[in-house]
Amino acid sequence: MQARLGTADRADRFYDEQVLDHLNVRMREFIGRQEMFFLATADRHGECDSTFRAGPPGFLRVIDERTVAYPEYRGNGVLASLGNIEENPHLGILMIDFLRDRIGLHVNGRARVVRDTEMRADHPDLPVDPVPGRRAVVWVEVTVEEAYIHCAKHIPHLQKVPAQRRGGIRDQGRDPGRDRDGDQGADPGQERAWGTDDVKRKGGDFFGAAAEAREGRRSPVSWPVRQRAAADGAPEPSRPEAWREEAERVLAEAQQRAAHAGGQQPFGGWFR
């Protein structure tokens, strides 16, 4: 594509000047103060997914110049990103500082899913987040393969809304002085609802998809992942006992591989 569009020389300069195989000091400092990033993954068939991750500053933790890790909080149960990583470890992380430097940083690499207990055993200095909804279910540990700048020219400069003016989905169409049950005194600027299962606080049916399903205005979706699972011979989602049998089979194979390795790499759980 570079040859077709005549950009090969510019691309070569960018590779030579900007693309690293590690995180330098300024990159590590930048990552340490970010509160969000965008994540791209793909499954073993190459079908892609993009998503958003957020947390307190430094939640994307720099382990060393070639390793970063982030916690996976409780979500909607789909586990699209983790499922993709289990099938295809390649991922892309994009951080954009909209507030201060108006610059971005790409980090591409290979990931593995690690249990919280295992992560803390390897890195005992990891902080324990005081917010229950921000407790890690598992961690994603990324080995850095590429790190490079995202230029500033198209990045908007944003500002944080002061807490007393901050609202959200749950505040639309109601008196900001009342909470969800109509009681006085609720603070529409309260902190984000980390880990909540409250449908309204998660955004409700903002795009009307559930309403369309209830009203029969669309057919039920047969999700591609389920179609592929059936094609690959995976157990049906409606048969829990089949999933149990499959899990036992995979565990037995993993233990057998560990035994053949002479015990040098004992089985470390589901997330290796």
Side-chain angles (χ1 to χ4, degrees), residues 36-55 59-63 66-95 106-123 126 133-147 195 221-261 264-272:
M36 61 182 179
F37 64 82
F38 302 96
L39 175 67
T41 59
D43 65 16
R44 67 181 180 274
H45 300 280
E47 296 195 20
C48 301
D49 182 76
S50 62
T51 190
F52 170 79
R53 292 290 181 267
F59 81 106
L60 177 59
R61 188 152 181 100
V62 177
I63 305 299
R66 296 183 185 275
T67 314
V68 296
Y70 65 87
E72 279 284 348
Y73 306 143
R74 176 182 171 83
N76 60 11
V78 174
L79 305 178
S81 299
L82 295 181
N84 285 348
I85 290 168
E86 287 288 273
E87 293 188 0
N88 174 1
H90 299 281
L91 57 66
I93 291 172
L94 171 61
M95 291 156 276
H106 292 266
V107 175
N108 299 330
R110 297 176 63 90
R112 70 182 188 108
V113 183
V114 185
R115 291 173 296 183
D116 184 61
T117 52
E118 181 182 348
M119 193 72 181
R120 294 186 183 280
D122 292 342
H123 306 284
L126 284 176
R134 292 201 309 246
R135 302 283 169 80
V137 178
V138 294
W139 291 74
V140 175
E141 185 181 84
V142 182
T143 300
V144 177
E145 295 180 332
E146 294 180 326
V221 175
S222 179
W223 296 107
V225 67
R226 294 183 179 176
Q227 294 172 343
R228 292 196 301 271
D232 293 344
E236 290 293 330
S238 59
R239 297 181 57 228
E241 68 278 3
W243 283 104
R244 190 177 301 111
E245 293 169 3
E246 178 70 5
E248 291 172 353
R249 182 189 67 77
V250 173
L251 176 59
E253 288 182 358
Q255 291 172 328
Q256 187 176 23
R257 287 196 300 270
H260 289 164
Q264 295 179 356
Q265 291 183 319
F267 179 64
W270 293 110
F271 303 112
R272 280 195 180 277

*Asks:* To check you understand the geometry: which heavy-atom pair defines the closest contact between Ser81 and Leu39, and what is its length?
*Replies:*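 So the two residues come closest at OG-CD2, 3.8 Å.
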*Asks:* What distance separates Thr51 OG1 from Asn84 CG, expressed to the nearest 0.5 Å?
*Replies:* 10.5 Å
*Asks:* Using 0.5 Å steps for rounding, measure from the CE atom of Met36 to the CE atom of Met95.
*Replies:* 11.5 Å
*Asks:* Test side-chain contact (heavy atoms from CB on, under 4.5 Å) on Ile93 and Arg53; report intermediate values, then the result.
*Replies:* CA-CA 10 Å; Ile93 291 172; Arg53 292 290 181 267; over 6 Å; no
*Asks:* When rounded to the nearest 0.5 angstrom, what is the spacing between CZ in Arg61 and OG1 in Thr67?
*Replies:*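 Answer for the CZ-OG1 pair, Arg61 versus Thr67, is 13.0 Å.
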*Asks:* When you compare the side chain of Glu72 with that of Val138, does any pair of heavy atoms fall below 4.5 Å?
*Replies:*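 Answer yes - side chains close enough.
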*Asks:* So His90 and Arg110, do their side chains get closer than 4.5 Å, heavy atoms only?
*Replies:*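 Result yes, sub-4.5 Å side-chain heavy-atom pair found.
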*Asks:* Mind listing the closest non-hydrogen atom pair of Ala80 and Asp49 along with its distance?
*Replies:*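 Looking at all heavy atoms of both residues, the shortest contact is CB-OD2, 4.1 Å.
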*Asks:* At their closest point, which heavy atom of Glu87 faces which heavy atom of Asp43, and how far apart are they?
*Replies:*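 Smallest interatomic distance, heavy atoms only, reads OE1-CB, 3.2 Å.
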*Asks:* Once salt bridge (charged side-chain N to carboxylate O under 4.0 Å, His left out) is applied, do any residues pair with Arg135, and if so which ones, sequence neighbours excluded?
*Replies:* none
*Asks:* Tell me, please, which residues at least two apart from Arg120 pass side chain to side chain donor-acceptor pair (under 3.5 Å).
*Replies:* Asp116
*Asks:* Is there side-chain contact between Asp122 and Ile63, with at least one heavy-atom pair below 4.5 Å?
*Replies:* no
*Asks:* Give the minimum heavy-atom separation between Glu141 and His123, together with the two atoms involved.
*Replies:*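 Scanning both residues completely, I find the closest heavy atoms to be OE2-NE2, 4.0 Å.
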*Asks:* Check Arg74 against Val137 and note the closest heavy-atom contact, atom names and distance.
*Replies:*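 Heavy atoms of Arg74 and Val137 come nearest at N-CG2, 4.0 Å.
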*Asks:* Going by ring-ring contact (aromatic ring centres under 6.0 Å, His included), name the residues that satisfy it together with Phe37, two or more places apart in sequence or in a different chain.
*Replies:*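 Phe37 satisfies ring-ring contact (aromatic ring centres under 6.0 Å, His included) with Phe59, Tyr70 only.
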*Asks:* Could you walk me through whether Asn88 and Thr41 pass the side-chain contact (heavy atoms from CB on, under 4.5 Å) test, one step at a time?
*Replies:* CA-CA 8 Å; Asn88 174 1; Thr41 59; over 6 Å; no
